[in-house]
Amino acid sequence: MMNNRGPRFKRSKLERQINKDVIWCVIILFVLCLFGAIGSGIWLHGFVKPESVIFLSLGNDTRSTPVVQAFINFWTYIIILQAMIPLALYVTVEFVKLGQTVYINSDLDMYDPERDMPAECRALNITEDLGQIEYVFTDKTGTLTENKMEFKRCSVLGHDYEYCQTPPRPTADSQASIECRQPILDGGNQKRDCDFDPEPQCADETCQSPPPPPPTTLTRSPTSELADALAAPDGPSLRRVTSLRQRRLLDFFLVMAVCNSVVVSIDQPASESAADSTATSATSVDSAVKRWKRQVWRRKAPPAASSELSASAAVAASAAPTPSLTPSPTPPTPLVLETDQLSAGTPEPCRYTDAELTKAYVAESPDEAALVRAACRSGCKLVQRDADSCLVWLPADGHVRLPLLCVMPFDADRKRMSVLVRDPATNRPMLLTKGADCAVLDRLRPSDPADTDSDADRVLLLTRLHMEQYSVAGLRTLCLAVRYLDEAEYADWLAEYTLAQRRIQGREAAMARAFDRLEAGLELLGATGVEDRLQEGAADTVAALREAGISVWVLTGDKQETAVQVGHACRLLTEGQQLLTLVADSPAEAGDRVRRWLRELDVAYRPAYQIRQRRARPAVRDGVALVLDGRALRHCLDELVSCDFLLLAEQCSSVLCCRTTPSQKAAVVGLVKESLGMQTLAIGDGANDVSMIQTADIGVGISGQEGMQAVMAADFSLARFRFLKKLLLVHGHWCYDRLARMSLYLFYKNCVYIMMLFWYQLFNGFSGQVNIGQVYQICFNLTMTSLGPLVIGILDRHLSAEILMANPVLYTDAQNCRSYLPWHFWLNILDAVWQSLVVFFVAYLGAMDTDCGIWSFGDTVVSAGVITAVAHNALEVRGWTGLHWFALLGELGFAWRS
């Protein structure tokens with residue numbers, strides 16, 4: 001909720017234009033009243049004796065001069081002609097918007113049966129803005145993609161492994177050594193220690209291990225080899241001395257299993273739950289994870305060191321129940337284990353199967369859940385987590401309890417998460433870290449040239465190559481690292497961290513410095529690649545938005561290669577596009593590159609004030625796309641570069657921003673919105689998208705895997721990204737067109753009515769006398785001409801949904817405000833003046849030289865006015881339905897009965 005800046009009142013672009021025209025209506029009313037007052041004064045001034053004034057008994061009142069009477073008549077005209085100010089317009093607009101939201105909410109094409117969630121309009125006053133969007137800013141993970149992470153690849157100590165759903169299980173005789181199958185670069189490191197697995201036993205002396213791959217070749221092995229390495233009799237263990245490489249393999253899986261905020265929730269059997277009288281109902285997933293975090297952060301000091309390893313089961317959990325992922329007729333209860341010393345011999349098997357544990361993992365982030373499940377399938381199983389420790393099961397050791405010393409959660413600035421635990425075997429503090437490559441690789445411990453046995457450089461080089469492969473394949477990558485601390489280092493850091501916790505001012509900054517100090521000198525273990533599949537219909541939606549003339553910007557925290565690959569998959573980027581990749585380390589460098597591209601594209605320089613004052617949006621170049629990372633984006637947001645950056649970005653049909661933080665997302669949206677004056681829409685699914693959603697003119701929240709924060713802060717909520725296509729191209733087009741034409745009609749209708757009253761003043765000495773009865777004055781706007789505009793505003797459609805979906809280019813009509821331009825208002829006013837002239841004077845000529853009274857003449861005028869207004873309304877209807885006929889004929893029938 002720190003990204004939530006509170007509610008903000010939004011006013012649509014069409015509503016702002018209507019307000020300007022209402023001001024013109026006030027001016028017109030003032031001019032008419034002033035003209036009537038002046039005419040009244042001139043007419044009264046023509047009488048020599050006041051008592052001879054017709055219809056006005058002045059008597060001997062010397063204060064009632066023509067000037068005084070003109071002033072009084074001015075306010076009389078204000079009362080008579082006040083209908084020129086369309087108060088009914090605002091009431092009608094609110095009813096129409098309410099009907100439009102009901103229409104959007106009930107659209108079955110935007111209903112997701114899998115989640116049982118329809119589209120929801122949470123803001124009632126900006127539906128017409130959906131038809132005028134010029135820029136769409138979208139998150140990637142969970143918005144364009146499913147946010148259902150699936151572990152696919154991993155790089156462990158320089159070797160690439162691929163996860164298979166049904167991997168072939170090798171026999172014991174054919175089990176190959178992991179280390180022997182590692183690739184070698186340039187033949188510089190020829191080590192063959194075969195640390196992980198024993199050498200294969202063969203009866204035939206000619207039996208040889210498979211030949212190593214050629215130099216500079218990246219091989220790939222199934223992840224089942226990792227599981228076999230962990231389960232080998234002499235595999236990695238915490239209770240006996242193993243080789244360094246074996247221990248690093250174990251550390252890799254410990255990072256995957258422990259460095260997270262995953263909570264384990266196991267359903268209790270029905271027989272046990274019947275005897276448990278203290279069992280309570282399950283809480284939500286978010287509550288369980290947040291409760292665990294609060295318990296961690298409330299600890300003032302880390303727990304005492306413990307060197308015990310649990311072989312059978314360990315520790316009673318907290319009294320609060322933890323939630324279950326699967327429904328059950330009995331409430332779930334926390335896992336209960338018993339503590340014991342690690343004993344020699346065969347370790348006790350895990351009491352829960354892999355299927356039970358993978359279903360019991362409750363995670364805030366799908367990335368964490370995917371890594372924990374992958375570690376569980378490989379043999380390193382997270383069994384229990386509480387505020388002070390984590391319980392894992394290892395094939396060689398059984399249940400092992402890792403005391404938690406400190407948890408450093410992930411944040412957008414650090415882009416990494418670390419967990420400080422105590423190694424049960426050596427009792428040394430051990431830091432487990434995972435994060436983005438840009439946040440981990442720069443913090444690795446420098447290699448020692450004197451250490452000839454170290455292969456850190458080889459592991460780093462191969463890991464970089466593997467991560468590049470993963471990114472090109474569209475996988476989300478994370479680096480895993482470890483650091484072992486001495487007791488003196490830990491004590492020194494603990495003092496600094498405790499002091500930072502106690503600070504009142506600058507506490508967050510002090511804790512960040514403490515984290516930064518600890519997360520240095522890391523040793524790289526490897527990397528992981530997780531697949532996040534593209535949502536169904538996301539590519540078609542992006543392509544349709546671009547065809548509709550909307551510039552699509554993707555703001556993601558992923559690395560550049562992954563984002564570019566996903567950009568091609570979702571048709572944000574095309575093969576024929578010129579890809580402008582901006583990488584800069586300073587504002588000066590960013591400005592130079594941007595200006596060089598502007599010269600190549602032959603774009604004239606414009607100062608910032610000229611950009612804001614221009615009326616037309618420049619043509620977008622479909623063959624140009626811009627890609628930049630978070631560092632370059634930070635420099636482009638600088639005041640010295642932002643103007644040039646906007647000139648370049650608006651020439652591109654699509655922009656891809658990588659490694660962006662939530663604050664940068666909001667800053668980009670605000671820059672385009674304020675500097676270019678464009679209508680913007682932001683769509684996202686997580687809490688890190690809240691600031692971006694609230695900054696844009698329209699915010700759309702996706703109800704995905706990361707909670708409801710984005711939905712609660714948004715103006716519209718959707719279950720799938722593909723529904724955005726119909727929301728904009730169909731409902732947006734309809735809402736704008738209906739409301740624009742209805743508003744212009746209401747201006748016309750009110751002007752016709754007041755002009756029929758005004759023309760009569762030419763024949764009564766500008767006395768303020770009206771020829772229309774009070775009942776007709778009330779009913780003209782209330783009942784005689786009110787149903788037609790409502791039906792137009794809610795149900796009228798000039799094009800079907802199928803045509804609008806198949807031809808996105810039609811969206812440009814609403815985008816360019818072609819249904820309501822400033823001159824349309826004056827055209828309708830002139831049309832109303834002309835029609836009122838015809839209505840009044842045709843009735844006047846018909847009643848001339850007859851004994852028709854004033855009220856009979858007024859009935860004739862108002863009847864003709866109603867027929868004219870209804871006929872004009874009928875001309876505005878684009879798609880006739882039964883409700884249109886009912887409304888228009890009902891208006892005529894009511895006028896007849898009146």
Side-chain angles (χ1 to χ4, degrees), residues 114 142 146-154 156 161-167 169 222-231 250 252-269 282-286 288-289 292 313-314 317 321-328 330 332-337 348-386 390-395 398-400 402 419 432 434 475-476 478 480 528-533 704-706:
E114 180 180 349
E146 292 281 358
N147 205 15
K148 296 179 179 179
M149 308 300 178
E150 185 175 350
F151 183 82
K152 288 294 185 180
R153 306 274 289 276
C154 66
V156 184
Y161 295 91
E162 181 178 18
Y163 173 73
C164 301
Q165 294 289 344
T166 55
R169 301 293 297 180
T223 53
S224 59
E225 293 188 359
L226 294 174
D228 295 335
L230 289 178
L250 184 59
F252 180 88
F253 284 102
L254 286 178
V255 175
M256 292 178 61
V258 176
C259 187
N260 49 65
S261 59
V262 175
V263 176
V264 185
S265 175
I266 300 293
D267 285 348
Q268 189 176 13
T283 57
S284 64
V285 171
D286 291 341
V289 178
W292 173 79
T322 52
S324 172
L325 290 177
T326 56
S328 175
T330 60
T333 59
L335 185 64
V336 178
L337 299 172
E348 178 187 5
C350 184
R351 65 177 62 182
Y352 298 104
T353 65
D354 291 354
E356 291 175 337
L357 285 175
T358 53
K359 290 181 180 180
Y361 291 142
V362 181
E364 283 184 323
S365 170
D367 300 77
E368 293 184 343
L371 295 182
V372 174
R373 292 188 179 107
C376 179
R377 289 191 295 263
S378 298
C380 183
K381 305 177 182 181
L382 176 64
V383 179
Q384 183 188 16
R385 180 191 297 272
D386 54 35
C390 289
L391 186 70
V392 297
W393 184 89
L394 298 174
H399 294 89
V400 179
L402 301 176
V419 175
L432 307 177
K434 69 174 182 181
L475 302 182
R476 294 166 56 90
L478 284 176
L480 278 62
T528 60
V530 178
E531 181 186 44
D532 188 9
R533 290 175 295 178
Q705 305 291 325
E706 297 188 9

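All values derive from a computational prediction rather than experimental measurement. Side-chain atoms are counted along with the backbone in the values below, which use heavy atoms only and exclude waters and symmetry mates. Numbers here simply count residues along the sequence, with the first being 1.
- When all heavy atoms of C350 and V383 are compared, the pair lying nearest together is SG-CG2, 4.3 Å.
- For the atom pair CG (L254) and CG (L394), the distance works out to 6.0 Å, reported to the nearest 0.5 Å.
- Within the model, atoms CZ of R476 and NZ of K152 stand 15.5 Å from one another, a figure rounded to the nearest 0.5 Å.
- Contact detail for P395 and L230: the closest heavy-atom pair is CB-O, 3.6 Å.
- Contact record, V530 with A370: CG1-CB, 4.2 Å, taken as the closest heavy-atom pair.
- Looking at L432, V156, T528 one by one, the single match for side-chain contact (heavy atoms from CB on, under 4.5 Å) with L480 turns out to be T528.
- In this structure, the side chains of V264 and L391 stay at 4.5 Å or more apart for every pair of heavy atoms.
- Cation-pi geometry between R377 and F151 is not met: the NZ or CZ atom fails to fall both under 6.0 Å from the ring centre and inside 45° of the normal.
- Between the OH atom in Y352 and the NZ atom in K359 there is a gap of 15.0 Å [rounded to 0.5 Å].
- Residues that satisfy the salt bridge (charged side-chain N to carboxylate O under 4.0 Å, His left out) test with E146, not counting sequence neighbours, are R720.
- With rounding to the nearest 0.5 Å, the separation of OG in S261 from CD in E364 is 4.5 Å.
- At a threshold of 4.5 Å between non-hydrogen side-chain atoms, the residues F253 and V392 do not count as touching.
- C390 and L382 make their closest contact through CB-CD1, 4.3 Å (heavy atoms, listed as atom of the first residue, atom of the second, distance).
- Inter-residue side-chain proximity for W393 and V400 is flagged as unmet; no heavy-atom pair is nearer than 4.5 Å.
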Kindly determine whether N260 and L371 satisfy side chain to side chain contact (heavy atoms under 4.5 Å, CB included), including the steps that lead there. CA-CA 9 Å; N260 49 65; L371 295 182; over 6 Å; no

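- N147 pairs by the side chain to side chain contact (heavy atoms under 4.5 Å, CB included) definition with T141, M149, P366, D532, D685, Q705, E706, not counting sequence neighbours.
- In this structure E531 satisfies the side-chain hydrogen bond (donor to acceptor under 3.5 Å, both in side chains) test with no other residue, sequence neighbours excluded.
- Across C154 and F252, no two heavy atoms sit closer than the pair CB-CZ, 4.1 Å.
- Among all heavy-atom pairs drawn from M256 and A374, the shortest one is CE-CB, 3.8 Å.
- Checked for salt-bridge contact, R385 and E368 miss the test: no charged N lies under 4.0 Å from a carboxylate O.
- Note that CG of D228 is 10.0 Å distant from OG of S378, once rounded to the nearest 0.5 Å.
- The salt bridge (charged side-chain N to carboxylate O under 4.0 Å, His left out) check on K381 picks up D354, with sequence neighbours excluded.
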